[in-house]
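The structure appears right after this line, and notes come after that.
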Amino acid sequence: MNAVLIVNPTSGPSENSQLVPDLTNALQSQGIQAKICPTTAEENGQGLATAAAKSGAKLVVVAGGDGTIEAVARGLAHTQTALGIIPLGTRNNIAASLNIPTDMAQAVQVLIEGERSQFDLGKANNHYFMEVVGIGLEASLFPCGDDVKEGIKSNYWAAIKSFVAGFKTFLQFRPHRLVLRFDGRRARLSTLQVNVCNSPRYGIEFALAPQAKMNDGKLDLIYINQPSKWDHFRHFFAAMRGKHLPHERLKMYQASTIEVRAYPALEVHADGECIGTTPVIVEVVPKALWIYVPTPELVVTFTQQNSAAEKNSIFDFIQHPHISEPQIPNSEASEL
Ligand SMILES: Nc1ncnc2c1ncn2[C@@H]1O[C@H](COP(=O)(O)OP(=O)(O)OP(=O)(O)O)[C@@H](O)[C@H]1O
């Protein structure tokens, strides 16, 4: 089989000078001949993916972190070209959400023994996303988070300064009044942040909507009405462990279109990229992308292969006994 391999040589926590030969060998061992297309600081992979789809490629394999996977996904949206994923990032949330293993050989095995299936994307105003839209505090904090991540790689002092700047933002941020309209309902609230999830996991492994499915034609809307900062902090800390804060004002809904207005306006990020301020309309784009994912049998095989050694692997996440089915209260939103 022929494929285009889009690889981000800078993804992940450390450099690997053998990355491209390793990838080429892993693909060749499964009979895949790949044309190598590295990303650059200017070309994040979206343009490479668009060009590959236009030239009729049946398979584009992306080797990179979540940012690179999302860029390539945007380039392949609404095409017949299927996406294969070899996760190389620091968090690999998308791979975890799709049960794709982080082991290179296993990820390549998925391209041959897995299944080609259609998945949803989300659209916030005109920006496509795979994982999440965050409105409010999180969007204001994301730039500091990125700086901390970069600083940890190269400059600890810069990382500490960015962390302090983020902490200041957290302390100074005040709740905003919001109006949400979604699928014929309306909610008025005062909150620090609203999230709209397409995938179950994002960011620093936040499992904010662990029940979210990337192929259900729906988005998951989550917020806490009138939270204290402490509520907010505990909520996200719990989400990092796959739990939900038992909070009476934690609201979760499923919807296909969500309109958010805030007074005053709030910043909005889509998959960690700032895309402006409210008002924003977030909608699901069903079946926008073909992706190779493991069959259920393959997930079992990989789980067995990785069992004891991989305590912190994606399989812990998908099989964790304390990820509970959250309640979906519908009490607060009124009919329009
Ligand atoms: N050749 C390159 N040189 C420098 N930067 C690059 C290059 N190719 C891509 N980038 C940048 O890498 C970033 C995307 O990194 P990516 O998300 O894939 O890895 P990561 O941050 O390690 O992983 P994760 O998002 O899972 O934490 C983008 O900002 C993109 O512009």
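Every number for a ligand or one of its atoms is a count from 1 in the order of the listing.
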Problem set entry | Passing option when H269 is tested against V133, V132, I275 for side chain to side chain contact (heavy atoms under 4.5 Å, CB included) | V132

Exercise. Any idea how F170 and H232 line up, ring-wise: parallel (<30°), tilted (30 to 60°), or perpendicular (>60°)?
Worked result: tilted

Exercise. Do any nitrogen or oxygen atoms of G64 come within less than 3.5 Å of a nitrogen or oxygen of ligand 1?
Worked result: no

Exercise. Can you list the atoms of ligand 1 that are under 4.0 Å from a heavy atom of S11?
Worked result: 16 (P), 18 (O), 19 (O), 22 (O)

Problem set entry | Residue and atom name of the nearest protein heavy atom (relative to atom 21 (O) of ligand 1), distance in Å to one decimal | K149 NZ, 3.0 Å

Exercise. Judging by distance only, is a nitrogen or oxygen of N44 under 3.5 angstrom from one on ligand 1?
Worked result: no

Exercise. Does the protein put any heavy atom within less than 4.0 Å of atom 7 (C) of ligand 1?
Worked result: yes

For this session: Around atom 27 (O) of ligand 1, find the nearest protein heavy atom and jot down its residue, atom name and distance.
Result: T90 OG1, 2.4 Å

Exercise. Any chance the side chains of N306 and Q106 put a donor and an acceptor closer than 3.5 Å?
Worked result: yes

For this session: Would you confirm whether D120, through its side chain, and G217, through its main-chain N or O, come within 3.5 Å as a donor-acceptor pair?
Result: yes

Exercise. Considering only the protein, which heavy-atom contact is closest to atom 22 (O) of ligand 1, and what is its distance?
Worked result: G12 N, 2.7 Å

Exercise. Is any N or O atom of P9, backbone or side chain, closer than 3.5 Å to an N or O atom of ligand 1?
Worked result: no

Exercise. side-chain contact (heavy atoms from CB on, under 4.5 Å) between L208 and E138: does it pass, once the steps are laid out?
Worked result: CA-CA 13 Å; L208 208 58; E138 186 178 79; 5.5 Å; no

Exercise. Starting from atom 25 (O) of ligand 1, which protein heavy atom do you reach first, and at what distance in Å?
Worked result: D66 N, 3.4 Å

Problem set entry | Test item: protein heavy atom less than 4.0 Å from atom 16 (P) of ligand 1 | yes

Exercise. So, for atom 4 (C) of ligand 1, does the protein have a heavy atom nearer than 4.0 Å?
Worked result: yes

Exercise. Among side-chain atoms of N195 and Y202, is any donor-acceptor pair under 3.5 angstrom?
Worked result: yes

Exercise. Using a heavy-atom cut-off of under 4.0 Å, does the side chain or the backbone of T68 touch ligand 1, or both, or neither?
Worked result: both

Exercise. Looking only at side chains, do E131 and S199 share a donor and an acceptor under 3.5 Å apart?
Worked result: no

For this session: Please indicate whether any nitrogen or oxygen in G89 is less than 3.5 Å from any nitrogen or oxygen in ligand 1.
Result: no

Exercise. Considering only the protein, which heavy-atom contact is closest to atom 1 (N) of ligand 1, and what is its distance?
Worked result: T39 O, 3.0 Å

Seminar exercise, completed: Counting from 1 in the order shown, the ligand 1 atoms closer than 4.0 Å to a non-hydrogen atom of N92 are 26 (O)

Exercise. So, D231 side chain and S228 main chain: donor-acceptor pair closer than 3.5 Å or not?
Worked result: yes

For this session: Kindly determine whether L171 and K168 satisfy side-chain contact (heavy atoms from CB on, under 4.5 Å), including the steps that lead there.
Result: CA-CA 5 Å; L171 292 179; K168 264 192 185 165; 5.8 Å; no

Exercise. Using the benzene-type ring in the case of Trp, are the ring centres of Y128 and H78 under 6.0 Å apart?
Worked result: yes

Exercise. Taking distance alone, with no angle check, do N8 and ligand 1 share an N/O pair under 3.5 Å?
Worked result: yes

Problem set entry | Candidate with minimal heavy-atom separation from atom 2 (C) of ligand 1, of P38, G203, A41 | A41

For this session: Please identify which atoms of ligand 1 are closer than 4.0 Å to at least one heavy atom of R91.
Result: 26 (O), 27 (O)

For this session: Look up atom CD1 in I258 and atom CG in L180, then write down how far apart they are to the nearest 0.5 Å.
Result: 8.5 Å

